[in-house]
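Comments concern the structure below.
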Protein chains: 2
Amino acid sequence: MSNIVHKDSSQRASVLQHVSQNIRHLRHAAELSQSALAERSGVSRRMLVAIEAGEKNVSLTTLDRIAEALEVAFSDLIKAPDNRDPSRINELAWTGVHPGSKAVLLASSAATREVELWEWRLEPGEVYPCEADADGWSEQLFVFEGCLSLEVEGQKHLLNAGEFFSFASNRRYAYRNDGEVATRFVRNVVI
Amino acid sequence: MSNIVHKDSSQRASVLQHVSQNIRHLRHAAELSQSALAERSGVSRRMLVAIEAGEKNVSLTTLDRIAEALEVAFSDLIKAPDNRDPSRINELAWTGVHPGSKAVLLASSAATREVELWEWRLEPGEVYPCEADADGWSEQLFVFEGCLSLEVEGQKHLLNAGEFFSFASNRRYAYRNDGEVATRFVRNVVI
DNA sequence: AGGGGTTGCGCAGTATACTGCCCACTTTCA
DNA sequence: TGAAAGTGGGCAGTATACTGCGCAACCCCT
């Protein structure tokens, strides 16, 4: 060990705390007992007790076996609990002195990596088919001109100008303009 | 160990692979040698070699000490390597069969936590002043109707319909509609 | 009162993460 | 040509993650 003075361990401890809390929550959500999770994951129940108590330093493979048994993404185990208020969606967040001046929250999503903002324009009759993205990706659309036909795995959604839609993009989907004027929209790609 | 048959270990291995690749990349990005990182993190260089070779099963605290020394978020170490091309901004990513059908990438930003998509509307003369956000927050604006006057710490930017702007919002800024028709825009808030 | 399920924890033993020191190889630079 | 810096890896030793077992405590049944 070097003689470097490290920052206090609160951050490190909090990571472990998140893990233990997350595992316990997810295990309860899956309605599994410690014994059942131990058997499914191959991690000993004794270790699960220690992990949930936050008194052991877990390894990546152990954590991943647990994630696999809980059928959740690895990142779900380590991420901090969401302390945002999810009920703010569609909330009228601000109104100005002039009637009509307003700000509306369309979507709020926990992003772990990347955000891409796209401007799209589809002429009448145009189709843009998409393969499924990897798990975790989602898209948020806001149409500001024309009408967008969105098809997500067989299910159709019609978005008129001013409307908004959000969906997980780990499925086949397609954008289509079935109208008679150009469709323009903003596409937010997030993971 | 139970006699349960587990899924193949490819998934588990890939997590470790991501970690090793990420650490190597981030270490190089920080222009640190293995020795330097070892000293800053308190993790032995011997261990760093093993981790970067993907031949050891890292523990959470070890990983966190590395993250701290690299000054990156813990989640940055475990997430899948970014296979997206960062130089695609303003690239005309897609054109349809009809002339005018197109998709343009307006912005791409690495998000570590949260994304909020807002719809705004400002009547003529309306002003919305904002205090500085915390460090790390940034905003991306796309105006689709009217004209938006954006003022970021004394510097003015005029955005007409169809135009786009991106800025770090850890400074005082204000939205203003100096035009004579309503301004409508999409506001993407990201950290 | 008693049996089955769940959880927390002490303990001994094993596997392995982690360290520290070693040397070999390569690249860079004077 | 040689010194210095960076990297990969062998090896012995230590710390600790992890297992398996056993026991106690607390439910919820009947």
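Throughout, protein chains are lettered first and strands after them, A, B, ... in sequence-line order, and every chain is numbered starting at 1.
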task = Begin with the C-alpha distance, continue with both residues' side-chain angles, and end with the deciding distance and a verdict on side-chain hydrogen bond (donor to acceptor under 3.5 Å, both in side chains) for B:Y173 and B:E139.
result = CA-CA 11 Å; B:Y173 60 101; B:E139 303 204 357; 2.6 Å; yes
Distance, rounded to the nearest Å, where [X] contributes [atom1] and [N] contributes [atom2]:
X	N	atom1	atom2	answer
A:E55	C:dG10	CD	P	8 Å
A:R65	D:dA17	CZ	P	15 Å
A:M47	C:dT16	CE	P	14 Å
B:L37	C:dT19	CG	C1'	15 Å
B:L60	C:dC18	CG	P	10 Å
A:I23	C:dT7	CD1	P	14 Å
A:R24	C:dT6	CZ	P	14 Å
A:E39	D:dT19	CD	P	14 Å

remark   = Among the nucleotides D:dG6, C:dG8, D:dC18, whichever has the atom closest to the side chain of A:S44 is D:dC18
Side chain of B:V58 - closest among D:dT7, D:dT19, C:dC18 =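 From the listed options, C:dC18 comes nearest.
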message = Regarding D:dG10, can its base be found pairing with the side chain of B:R46 as donor and acceptor, where the two atoms are less than 3.5 Å apart?
response =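 Yes.
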request  = Return yes if a side-chain donor-acceptor contact under 3.5 Å exists between B:Y175 and B:E126, otherwise no.
outcome  =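 B:Y175 vs B:E126: no donor-acceptor pair found between side chains.
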ask   = Do B:E52 and B:Q34 have side-chain atoms, one donor and one acceptor, less than 3.5 Å apart?
value = yes
inquiry  = Between B:V49 and A:L48, which residue's closest nucleotide on DNA chain D lies nearer the 5′ terminus?
reply    =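 Whichever sits nearer the 5' end wins; that is B:V49.
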Does [X] put a side-chain nitrogen or oxygen below 4.0 Å from OP1 or OP2 of [N]?
X	N	result
B:T62	C:dC18	yes
B:S35	D:dG6	no
B:Q34	D:dA5	no
B:S59	D:dT16	no

Could you tabulate the donor-acceptor pairs under 3.5 Å formed by side-chain atoms of residues 177-184 of chain B, not counting sequence neighbours?
from   : atom 1 : to     : atom 2 : distance (Å)
B:N177 : OD1    : B:G179 : N      : 2.9
B:N177 : OD1    : B:T183 : OG1    : 3.1
B:N177 : ND2    : B:L122 : O      : 2.8
B:N177 : ND2    : B:E123 : O      : 3.3
B:N177 : ND2    : B:V181 : O      : 2.9
B:N177 : ND2    : B:T183 : OG1    : 3.1
B:D178 : OD2    : B:S149 : OG     : 3.0
B:T183 : OG1    : B:C147 : N      : 3.3
B:T183 : OG1    : B:C147 : O      : 2.7
B:R184 : NH2    : B:E119 : OE2    : 3.1

request  = Compute the centroid of each ring, for B:F144 and then for A:F142, and state whether the two points are separated by less than 6.0 Å.
outcome  = yes
query = Start at the 5' end of DNA chain C and walk down; is the nucleotide closest to B:R45 or to B:K56 reached first?
reply = B:K56
